[in-house]
Amino acid sequence: MNSIIDPGKIRGLQRVTSADGYFLICALDHLSDFAELLAPDPASVTFADVVAAKDAVVRAVAPSISAVLLDPLYALGHLVASGAVPGTVGLMSSIEDEDYRHADGPRRTRLRANWSATQIKMAGADMCKLLWFYRPDGGRVVAEQQRQLVAGLVAECAELSLPLVVEPIWYPLPGEDPTTAEWKAARVRGIIASAATANKLGVDMLKVEFPGYIDTEEGREQAAAACAELDSMVSVPWVILSAGVEYADFKTQVEIACQAGAAGYLAGRSIWRDAVSTHDPAAREEATAAARARLEELNEVTRRYGRPFTPARPLDVVVKELPSEWYRSWNS
């Protein structure tokens, strides 16, 4: 986080953390992949069906989270206006438009048309989230464009006093086999390097992929070392994303990451997939209760092992950096 005191960013970060300083965040900014879970025939799912399903999930999990990450298409405005997101829960918005379909070659993050950091701030969100594809070895031109995208958004969010969380994603290039040990090792190195690059570009928080594999004891030890290395490379708080893995595996990942310095999680499908894809009403109610129970378990793991984060500064530093009538020139 920047050293210059920014009351707006401090407030935003306070809003998305728990009172004791942890990021306990449920992600529901999914688009087509969310709608596809709602019915055997995705073509039968209406816009209102998706909004209603997201509303139900957020209402169920709200008591157990510090913040929720939503998309503007199906959720952000709707779930605030409906009251599904209570005032006690922080609000984050994605700025990209992601449909999980990609052409071969280096990927560029696609921002949502007619949606901006300014609109995110005006909609009442506490934080802006950017999904960021980054393979610097996949093409210098695209890699530089991706870095400039983050740098530009960092500057825009700074002008708005809006905290920015970036989600670096490492992905296979044409000809690469993600099942090989060599690719998996390169992916771990890439996750760490991408986080360090985003950190240098001035982001306020990182949402990272788990840098490792937990199917063996050796793999878990290597993952713990990778998480520790990642922690040493960044100066901002970081959390683990779930990437849709089985819940038991994600719980293990959160524990390993928190032991290395992570401040929490930002999880989606691993938490609520069953609640959304279960079509029988009684079974869906049971699956929804299970989703909240999973969050409570993750909260316990995070508080037991994680590193709490607070954006607040010591009062003597605050008085020095915000002297009398500081507001006259601040963001003027």
Side-chain angles (χ1 to χ4, degrees), residues 1 13 16-18 20-27 66-67 69 129-136 165-172 178 180-201 203-271 294-295 297-310:
M1 191 170 69
L13 287 162
V16 299
T17 52
S18 62
D20 50 353
Y22 296 101
F23 296 92
L24 315 173
I25 305 172
C26 184
S66 65
L69 169 61
K129 187 273 290 185
L130 175 74
L131 182 146
W132 185 52
F133 298 111
Y134 190 59
R135 281 291 302 262
V165 56
V166 166
E167 176 184 0
I169 297 295
W170 192 262
Y171 59 93
T180 65
E182 292 77 13
W183 191 88
K184 290 180 179 179
R187 172 180 173 271
V188 170
R189 294 193 298 272
I191 289 172
I192 296 170
S194 297
T197 297
N199 183 82
K200 290 179 181 177
L201 290 170
V203 306
D204 299 288
M205 175 183 161
L206 285 161
K207 175 188 178 187
V208 301
E209 299 178 276
F210 185 73
Y213 303 87
I214 61 170
D215 48 338
T216 65
E217 180 62 31
E218 181 183 10
R220 290 189 289 273
E221 291 175 356
Q222 292 174 346
C227 285
E229 182 181 355
L230 189 155
D231 184 70
S232 72
M233 299 287 286
V234 302
S235 58
V236 296
W238 59 284
V239 299
I240 289 291
L241 61 88
S242 63
V245 302
E246 292 298 320
Y247 170 70
D249 289 341
F250 182 59
K251 182 180 175 182
T252 299
Q253 292 177 353
V254 170
E255 180 174 332
I256 292 172
C258 282
Q259 288 176 328
Y265 61 84
L266 211 166
R269 289 165 293 170
S270 297
I271 304 300
R294 289 173 176 176
L295 290 167
E297 279 191 329
L298 292 178
N299 295 349
E300 182 181 353
V301 169
T302 298
R303 288 187 165 104
R304 183 183 305 166
Y305 300 108
R307 179 189 300 149
F309 168 79
T310 176

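The structure displayed is predicted, hence computed values, not measured ones. Atom set for the values below is all heavy atoms of this structure, side chains included, hydrogens, waters and symmetry mates excluded.
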Among residues two or more places apart or on two chains, list those pairs meeting salt bridge (charged side-chain N to carboxylate O under 4.0 Å, His left out) that have a residue in [range].
{"range": "residues 181-193", "value": "R187-E209"}
{"range": "residues 223-233", "value": "D231-R307"}
{"range": "residues 257-266", "value": "none"}

Exercise for review: Would you list the pairs meeting side-chain hydrogen bond (donor to acceptor under 3.5 Å, both in side chains) in which at least one residue belongs to residues 245-256, sequence neighbours left out?
Suggested key: Y247-E297
For the residue pair [X] and [Y], establish whether any side-chain heavy-atom pair is separated by less than 4.5 Å.
{"X": "I25", "Y": "S66", "result": "yes"}
{"X": "V208", "Y": "V239", "result": "no"}
{"X": "W183", "Y": "W170", "result": "yes"}
{"X": "V245", "Y": "F210", "result": "no"}
{"X": "D204", "Y": "V236", "result": "no"}
{"X": "K207", "Y": "L69", "result": "yes"}

Just by modelled atom types, is the [Y] backbone N or O under 3.5 Å from a matching donor or acceptor in the [X] side chain?
{"X": "S242", "Y": "G268", "result": "yes"}
{"X": "R294", "Y": "S270", "result": "yes"}
{"X": "S18", "Y": "Y22", "result": "yes"}

Review point. Taking atom CD of E218 as the centre, does the number of heavy atoms from other residues, nucleotides or ligands within less than 6.0 Å exceed 12?
Key: no
**Study point:** With E221 via side chain to side chain donor-acceptor pair (under 3.5 Å) - residues at least two apart
**Key:** none
Exercise for review: Could you list the residues that satisfy side chain to side chain donor-acceptor pair (under 3.5 Å) with Y134, not counting sequence neighbours?
Suggested key: R147
Search all heavy atoms of [X] against all heavy atoms of [Y] and return the closest pair with its distance.
{"X": "A228", "Y": "A260", "answer": "N-CB, 3.6 Å"}
{"X": "A195", "Y": "L206", "answer": "O-CD1, 3.6 Å"}
{"X": "L266", "Y": "A27", "answer": "CD2-CB, 3.5 Å"}
{"X": "A257", "Y": "I240", "answer": "CB-CG1, 3.2 Å"}
{"X": "V188", "Y": "A226", "answer": "CG1-CB, 3.7 Å"}
{"X": "G264", "Y": "C258", "answer": "N-SG, 4.2 Å"}

Within this structure, what is the [atom1]-[atom2] distance for the pair [X] and [Y], rounded to the nearest 0.5 Å?
{"X": "F309", "Y": "F23", "atom1": "CZ", "atom2": "CZ", "result": "5.5 Å"}
{"X": "E167", "Y": "L131", "atom1": "CD", "atom2": "CG", "result": "4.5 Å"}
{"X": "L298", "Y": "I271", "atom1": "CG", "atom2": "CD1", "result": "4.5 Å"}

Check your understanding: Which word best sums up how the rings of F250 and Y265 line up, parallel for under 30°, tilted for 30 to 60°, or perpendicular for over 60°?
Key -> perpendicular
